[in-house]
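Heads up, the thing below is written out as structure tokens.
Worth knowing before you read on, the calculation uses all heavy atoms, side chains too, and leaves out hydrogens, waters and symmetry mates.
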Amino acid sequence: MEPNKGLVSALFLSFLLHATMASPTPKPHIKPRPPPHHPCRHLTFYFHDIIFNGKNSKNATAAIVGSPPWGNRTILAGQSHFGNLVVFDDPITLDNNLHSAPVGRAQGFYIYDRKDIFTAWLGFSFVFNSTQHRGSINFAGADPLMNKTRDISIIGGTGDFFMTRGVATLETDAFEGEVYFRLRVDIKLYECW
Amino acid sequence: MEPNKGLVSALFLSFLLHATMASPTPKPHIKPRPPPHHPCRHLTFYFHDIIFNGKNSKNATAAIVGSPPWGNRTILAGQSHFGNLVVFDDPITLDNNLHSAPVGRAQGFYIYDRKDIFTAWLGFSFVFNSTQHRGSINFAGADPLMNKTRDISIIGGTGDFFMTRGVATLETDAFEGEVYFRLRVDIKLYECW
Amino acid sequence: MEPNKGLVSALFLSFLLHATMASPTPKPHIKPRPPPHHPCRHLTFYFHDIIFNGKNSKNATAAIVGSPPWGNRTILAGQSHFGNLVVFDDPITLDNNLHSAPVGRAQGFYIYDRKDIFTAWLGFSFVFNSTQHRGSINFAGADPLMNKTRDISIIGGTGDFFMTRGVATLETDAFEGEVYFRLRVDIKLYECW
């Protein structure tokens, strides 16, 4: 494991700082807010999900492959789609235009997991294979869709994103019926190798 | 990345220790047990799973949404439920009482993945939005249900649990028929930001 | 968190190096290739997947439990199996022989997630319980099957693999019809506790 220069500088500084302190400071009763963290890398993308509805097989990028006993696989189920498992292979673009040249693919699944409000659990990857980016970023976490922004975890990466970790902030940028939606993804990496 | 004081202290100590050693010690033939690790944060919760069986739609917090060819979606399948995919949105409580005020929701899925014994693979989040905790903890791993305790990975977190990692020890605290079970979750975080 | 000696040595070296540099070097315009990383642990295994096809219930280690609207659960669907969710409990062996004594089980799922080419998203664990290894390694990531080698993330571990992270390189070692395949998995751990 090779720490990057930023880490070493931080450690060096903290080391000096630490050396000047006679004893550990006692824990205060009120939890202090942690200092803001600065990402070592920051990227923003959009991705576009078109769910198969029985008629749009040419354009669809996603399909319902699991449903609750009261549902089927061509229409999202009642009760906030609870129990629908959707598999997707969505184009990633740099701007919010579905027809822009894709820079990668968002591949994986989401499962709607609440009966009273739209909420999903996500497991997916951003897969890049262009001159700009090569490799993958892996994501997992809860996505309470009705919140303006939601944070999920970046749990690892490969290639240009080797061993990375971070947080991704999702925002629903557009939503058309129950067939198309577009997500804005703000990727903040806090561990860069 | 900002190392916490504990890390820096540990590094400082190890650094002094290291400086006094003339050469790296040779690897012994018998693998020594690693020193015990101390969590930077330790939390315990319970969560409650009630599987939809066709009759309990009001109380159910989970539903079967995938099954093997020999199964259906209202009764867990034979062969140790192999192939059943269950989606859940379970209340999290501080004690083992289903009717205690929930402090968050456990949301995600499990898949039974062995034919000869009950075992599942879990992907889920603890989602908190109370005065006590805000944010999410993300989990993944194998859950061999018949073992008294099982360890899974904490792969990330957001909000109050920003960038955390750790290990969660699961214990089945109650099991009633094939409809209700309660898990005790011992959360030990070893990376705290 | 206890850093291992390798980390401390690396930090010590980098610290000396850093101390000799008068000022941070300016970022060059062309991104330099990062230095190669050396795993703290390196393991190689094979695992064997036999998909249930309606006739092989005795030997099958995997079953289709979700399918797109145009598919079923005994034959992998058209369009590159897009939408098929497969649950598995596969034997892990040290060599490429299906009949060698298993050293553990590979348990979890994959979902085919592209319409035009074979690609899957994986979430699974290696579960060990032998004299050699005890504990689990958890994996997640995209698996573009048609590439000779593919990298996925190692997102955590338990027991002997407590808190580990790394990268696993997958290689399809054999493929027979649409029923049996064998993967070679090269496990490179870069965070060892």
Between Ser153(B), Gly156(B), Ala77(B), Gly123(B), which has the largest tally of heavy atom pairs under 4.5 Å with chain C? Ser153(B)
Where along residues 68-75 of chain C does a heavy atom come under 4.5 Å of chain B, listed by residue number? Arg73(C), Thr74(C)
Please check if any side-chain donor atom of Thr93(B) sits under 3.5 Å from a side-chain acceptor atom of His48(B), or the reverse. yes
For Phe45(B) together with Phe128(B), are the ring centres under 6.0 Å from each other? yes
Region of Leu85(C) in contact with chain B, defined by heavy-atom distances below 4.5 Å: side chain
Mind checking whether Phe88(C) and Phe124(C) have parallel, tilted or perpendicular rings, split at 30° and 60°? tilted
Mutual orientation of the aromatic rings belonging to His133(C) and Phe161(C) [parallel < 30°, tilted 30-60°, perpendicular > 60°]: tilted
Distance, nearest 0.5 Å, that separates CZ of Arg114(C) from CZ of Phe82(C): 10.5 Å
Chain B contacts: which residues in residues 138-146 of chain C have a non-hydrogen atom closer than 4.5 Å to it? Asn138(C), Phe139(C)
With a 4.5 Å heavy-atom cut-off, do Lys188(C) and Arg41(C) have their side chains touching? no
Which atoms of Ile64(C) come close to chain B, meaning under 4.5 Å heavy atom to heavy atom: side chain ones, backbone ones, both, or neither? backbone
Which pair of non-hydrogen atoms, one from Tyr190(B) and one from Met163(C), has the smallest distance, and what is that distance? CB-CE, 3.8 Å
Answer yes or no: is there a donor N or O on one side and an acceptor on the other, between the side chain of Lys115(B) and the main chain of Ala60(C), under 3.5 Å? yes
Just verifying a value: how many Å separate Asn129(B) CG and Ser136(B) OG, rounded to the nearest 0.5 Å? 11.0 Å
Which bit of Phe126(C) comes within less than 4.5 Å of chain B, counting heavy atoms only: side chain, backbone, both or neither? neither
If the contact rule is any heavy atom under 4.5 Å from chain C, which residues of residues 164-179 of chain B qualify, in numerical order? Arg165(B), Gly166(B), Val167(B)
Applying a strict 4.5 Å limit to non-hydrogen atoms, the region of Ser67(C) in contact with chain B is neither
Is there a side-chain contact between Tyr46(B) and Leu183(B) (heavy atoms, below 4.5 Å)? no
To the nearest 0.5 Å, tell me how far Ile92(B) CD1 sits from Ile137(B) CD1. 8.0 Å
Does one side chain, of Asp90(C) or Thr61(C), offer a donor that lies under 3.5 Å from an acceptor on the other? yes
Keeping the roles fixed (side chain from Asn59(C), backbone from Asn56(C)), state whether a donor-acceptor pair exists under 3.5 Å. no
Per-residue contact mode, Ile152(B) against chain C (heavy atom under 4.5 angstrom): backbone
Sorted by number, residues from residues 94-113 of chain C in contact with chain B (heavy atoms, under 4.5 Å): Gln107(C), Gly108(C), Phe109(C)
Between Ile51(C) and Asp49(C), is there a side-chain heavy-atom distance shorter than 4.5 Å? yes
Any non-hydrogen side-chain atom of Leu189(B) less than 4.5 Å from a side-chain atom of Ile154(B)? yes
Is there a donor-acceptor contact under 3.5 Å from the side chain of Ser130(C) to the main chain of Gln132(C)? yes
